[in-house]
Amino acid sequence: MSGSEQELARDLGFLEAYTIGLGTMIGAGIFVLPSIAAEAAGPAAMVSFALGGVVSLLAALSLSELATGMPKAGGSYYYVNRALGPFFGSIVGWGMWAGLTFASAFYMLGFGQYLLPLLTPHVDILAEMTGIGKTVAALGMAALLTGVNYYGVKETGDLQNVIVITLVVLIVGFLSLGLLSGPTIGEFNPEGWPAVAATVGTVYVSFIGFEVIATSAEEIKNPSRNLPLAMIAAVVTPTILYVGVMFVSTGTIPLDVLADSEVPVKIVAEDILPGFASVVPGVSPSLLAAAGGTVMILGAVLATISSANASILSAARVNFAMGRDKILVDWLNEVHDRFRTPYRAITVTGIITLVLIAVGVGIGTLAEVASFMYLVTYSLVHVAVVVLRRANPDAYDPSFRIPSVLYPVVPILGAAACLGVLVQMSTNVVPYTLATAGLSLTFPFQLTVVGTIGIVLIAFGVAWYYLYARERAPAMSLVGEAIAPETATAADSDDVYRVVVSVANPDTERDLLRKAAASAHAHDGEAEIVAVNVIEVPDQTSLAQDLTFEEERVDRQRELLAAARDVAADLDVGLRTRAIVGRDAASAVLNVVEEENADQVLLGWTGRRSRREHVLGSTIDPIVGHASCDVTLVKRGPEPDECEDVMVLVGEGPHAPVATRRAAEYVAATENASLTLVNVQPPAEDEGDAAEPVETGEALIENVIERASVTETAYETRVVVDADTEEAILEAATAYDTICVGATRESAVTQALFGSLPEQLGAELDRTVVVARGSERSPMSIRDALIKRLEG
């Protein structure tokens with residue numbers, strides 16, 4: 001492999017992918033929509049939620065195949081654009097952006113609705129400005145979220161996970177207590193099944209979030225398994241929760257009260273909780289109701305913020321993909337020099353969201369327009385699967401395919417379901433007469449407000465294509481090939497000794513590669529080195545987007561890996577390079593170790609302890625703690641490549657043989673080099689046994705030599721007898737160029753991964769210090785085992 005092509009780090013396991021999808025779907029809809037849905041369809045709205053889940057499940061299957069076949073930023077837009085060409089790409093791109101912007105405004109108005117009851121009792125002025133107050137709150141939070149994403153606060157990703165877990169706990173608690181309270185449903189379907197079908201469109205905004213998993217396809221481990229599983233789980237979980245919340249809500253509160261409420265889940269909680277006062281001693285029913293209502297308000301506030309934040313992030317990524325395909329002005333996608341975020345796209349999305357809130361578009365309309373645009377998108381996604389399957393281009397090689405028994409049923413049924421919901425929510429079956437200049441035309445139906453806005457947005461996408469994109473975007477529709485098809489191929493694997501070297505510094509990479517080459521040469525049979533460099537990217541920016549705009553860093557990465565190839569050629573050792581763009585360097589290197597089935601990973605080290613939360617550094621610690629192969633850290637001494645006199649510190653530690661093996665490999669690869677094994681023993685307690693420590697030390701050294709299997713290498717032994725072990729080691733080390741030491745376990749600092757002595761040697765010795773850890777690992781915790789099992 002040439003090694004110059006960047007790849008995105010596969011950092012996300014099943015749990016992470018599932019959480020990303022769930023985080024965008026468990027949000028505002030569950031707190032805001034019950035009143036809107038109850039007004040439209042009564043208790044039967046729970047069927048609407050279930051149907052929304054089914055429509056999404058079909059889309060999730062098609063998206064899973066497309067995402068593993070063409071994992072690129074932009075999600076649905078990218079797939080539709082590739083399969084059906086830029087005409088439909090323009091419609092879907094603009095549609096997704098509009099959908100996400102309308103959804104953001106919807107979430108923010110929901111935020112205002114819930115926040116106001118929380119503040120009103122404490123802020124007098126708000127009691128008199130309920131309508132304007134919620135708008136002001138929505139505008140304020142929308143502006144704040146735009147600012148947070150503009151500046152690229154990395155912690156928002158972690159905050160999102162905390163919010164998701166909190167919400168799941170909260171909603172499960174709400175449902176449990178609600179079901180125990182014995183809800184009773186009156187008339188189930190007062191508005192009829194057409195209303196139920198139309199309500200699917202209203203509530204569908206709750207389901208648009210699973211798309212975000214597809215946009216992360218390139219970052220998901222084992223995508224053929226984890227991606228479809230995460231998508232299906234991310235759709236099924238909220239569907240069950242939505243149906244449950246609807247059942248409890250309509251079974252607890254009279255329909256008219258529920259429909260009139262802007263805080264439906266709060267009033268349901270306030271109604272349910274007093275019934276449990278008897279099981280909470282000392283708490284009055286009214287206090288319990290107030291506490292429950294407040295908790296639900298806090299949950300809703302968190303949910304709306306979380307959903308809006310995810311929408312703003314996703315919108316910027318759709319813009320990026322459109323700009324890359326020349327359907328959109330690239331100016332919009334410029335990445336900020338300092339914050340490395342697509343600040344213009346984020347700003348424009350934020351401004352449009354603020355305008356939608358300020359002009360007073362109804363909250364129900366905002367939700368329905370967002371749903372409309374995504375239903376249009378998903379109907380075309382289903383068509384794209386069929387086109388790509390039939391056209392079978394070289395670039396399309398999905399690791400997950402819709403099972404043959406379900407194909408083409410899933411895409412056909414999915415597209416039909418999307419269109420069916422679109423028709424229901426866009427039209428009223430009431431005759432409509434259009435009369436102009438004496439002519440009149442009567443239609444058997446009329447468009448709803450949502451249908452009108454949706455058609456205008458689609459028309460805008462069409463007009464944009466003809467007025468701007470058609471001249472710039474290459475027309476690459478595969479529809480023609482789909483009518484008359486073609487084929488592709490696969491790869492192989494091997495069995496070699498493999499050393500993964502993480503290179504990040506041109507001053508040290510030669511030393512690291514020399515040591516990796518020494519290890520490779522020392523093994524019989526085939527061996528190779530894999531040099532890895534990782535560019536880290538903040539959460540707010542898509543990996544591909546950062547790659548496009550950070551040319552300087554990408555060039556530096558290419559130079560670094562090109563230099564590594566030159567060094568490898570000098571050393572006459574086989575080398576492959578991997579250029580990775582990821583969120584976390586440690587995680588990316590660990591993935592490479594796993595994917596390459598590496599025998600050893602070799603890293604540079606400054607020799608200094610890092611900040612409190614990291615012992616050896618934020619990148620090194622996780623690799624040392626979790627790599628399944630040998631780990632070698634190298635702190636370079638003042639003289640580069642100096643490896644003539646090598647000392648191995650031999651002790652009782654479990655990794656002393658590994659350190660000895662590393663030292664022997666370096667000596668064997670260096671002309672005129674010498675190897676000395678040093679052991680330090682405390683003086684004998686009885687002066688008459690003065691020779692005993694030396695004998696003990698010699699025996700220990702011989703034992704380590706045998707365990708290390710380096711009997712063919714010439715070596716000397718040296719036993720130092722001294723009461724101050726550490727001082728004696730430091731003094732002995734000054735006579736050598738390179739000191740090798742095995743990881744120890746007796747550290748007093750609980751998070752010290754290699755133990756205190758190696759760290760002390762690295763910090764205090766002005767020599768090259770090599771710290772080695774064998775592939776032996778501490779027993780996996782139950783938590784780690786469960787996570788690994790779930791990750792697949």
Side-chain angles (χ1 to χ4, degrees), residues 28-52 106 109-118 120 127 130-131 133-134 171 174-175 177-206 241-275 285-286 289-290 292-294 296-297 299-300 303-304 360-368 371 424-425 428 430 448-450:
I30 211 159
F31 292 95
V32 181
L33 288 172
S35 57
I36 299 172
E39 183 178 20
M46 64 184 86
V47 176
S48 305
F49 276 106
L51 288 173
F106 162 71
L109 276 179
F111 166 81
Q113 285 184 182
Y114 269 90
L115 185 69
L116 224 55
L118 188 68
T120 301
T130 48
K134 84 183 173 197
I171 294 165
F174 173 89
L175 283 178
L177 294 176
L179 292 172
L180 285 173
S181 71
T184 51
I185 301 291
E187 186 181 357
F188 183 71
N189 189 7
E191 305 298 331
W193 292 111
V196 172
T199 306
V200 177
T202 307
V203 302
Y204 198 72
V205 67
S206 307
L241 296 179
Y242 290 144
V243 171
V245 167
M246 215 53 221
F247 174 72
V248 170
S249 300
T250 54
T252 303
I253 301 289
L255 265 187
D256 54 338
V257 176
L258 188 67
D260 284 344
S261 175
E262 290 190 335
V263 286
V265 181
K266 170 183 176 280
I267 64 169
V268 174
E270 287 173 341
D271 194 89
I272 291 169
L273 284 168
S286 59
T294 303
M296 296 318 293
I297 286 178
T304 46
V361 180
I363 189 167
T365 305
L366 289 171
E368 289 187 39
S371 299
Q424 275 292 332
M425 68 190 294
N428 284 326
V430 176
T448 61
V449 173
V450 173

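These values consider heavy atoms only, across backbone and side chains, with no hydrogens, waters or symmetry-generated copies. The first residue of the sequence shown is numbered 1, and numbering continues consecutively from there.
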Mind checking side chain to side chain donor-acceptor pair (under 3.5 Å) for E262 and listing every partner two or more places apart, or none if nothing turns up? K134

Closest non-hydrogen atom pair between V361 and L109, with its separation: O-CD1, 3.8 Å

Could you pull out the closest heavy-atom pair between A269 and P274, with the gap in Å? O-CD, 4.4 Å

Please identify each residue that fulfils side-chain contact (heavy atoms from CB on, under 4.5 Å) with N189, with sequence neighbours left out. A44, W193, V196

Rounded at 0.5 Å granularity, tell me how far CG in L116 sits from CD1 in I297. 9.5 Å

V205 and L33: side chain to side chain contact (heavy atoms under 4.5 Å, CB included), yes or no, with the steps? CA-CA 10 Å; V205 67; L33 288 172; 3.9 Å; yes

Where is the tightest heavy-atom contact between T199 and A41, given as atom of each residue plus distance? OG1-CB, 3.5 Å

Do the side chains of V265 and I30 get nearer than 4.5 Å, heavy atoms only? no

Partners meeting side-chain contact (heavy atoms from CB on, under 4.5 Å) with P43 (sequence neighbours left out): M46, I185, F188, P190, T250, L255

Quick check: closest heavy atoms across Y204 and S371, and the distance to 0.1 Å? C-OG, 3.4 Å

Partner set under ring pair (Phe, Tyr, Trp, His ring centres under 6.0 Å) for Y242, not counting sequence neighbours: F49, F207

Sequence neighbours excluded, the answer for side chain to side chain donor-acceptor pair (under 3.5 Å) partners of S286 is S284

Do V268 and L258 touch side chain to side chain, with heavy atoms closer than 4.5 Å? yes

side-chain contact (heavy atoms from CB on, under 4.5 Å) against P194, all qualifying residues, sequence neighbours excluded: Q424

Which heavy atom of M246 sits nearest a heavy atom of A45, and at what distance? CE-CB, 3.9 Å

I want to check something: taking the side chain as every heavy atom from C-beta on, are T304 and Y114 in contact at a cut-off of under 4.5 Å? no

Not counting sequence neighbours, list each pair that qualifies as a salt bridge (charged side-chain N to carboxylate O under 4.0 Å, His left out) and has a residue in residues 265-275. K266-E270

Which heavy atom in Q113 sits nearest to a heavy atom in I363, and how many Å separate them? OE1-CD1, 3.6 Å

Partners meeting side-chain contact (heavy atoms from CB on, under 4.5 Å) with A303 (sequence neighbours left out): F31, L167

Taking side chain to side chain donor-acceptor pair (under 3.5 Å) as the test, write out the residues that go with T202, two or more places apart. E368

Mind checking the OG-CG spacing from S261 to D256? Nearest 0.5 Å is all I need. 11.5 Å

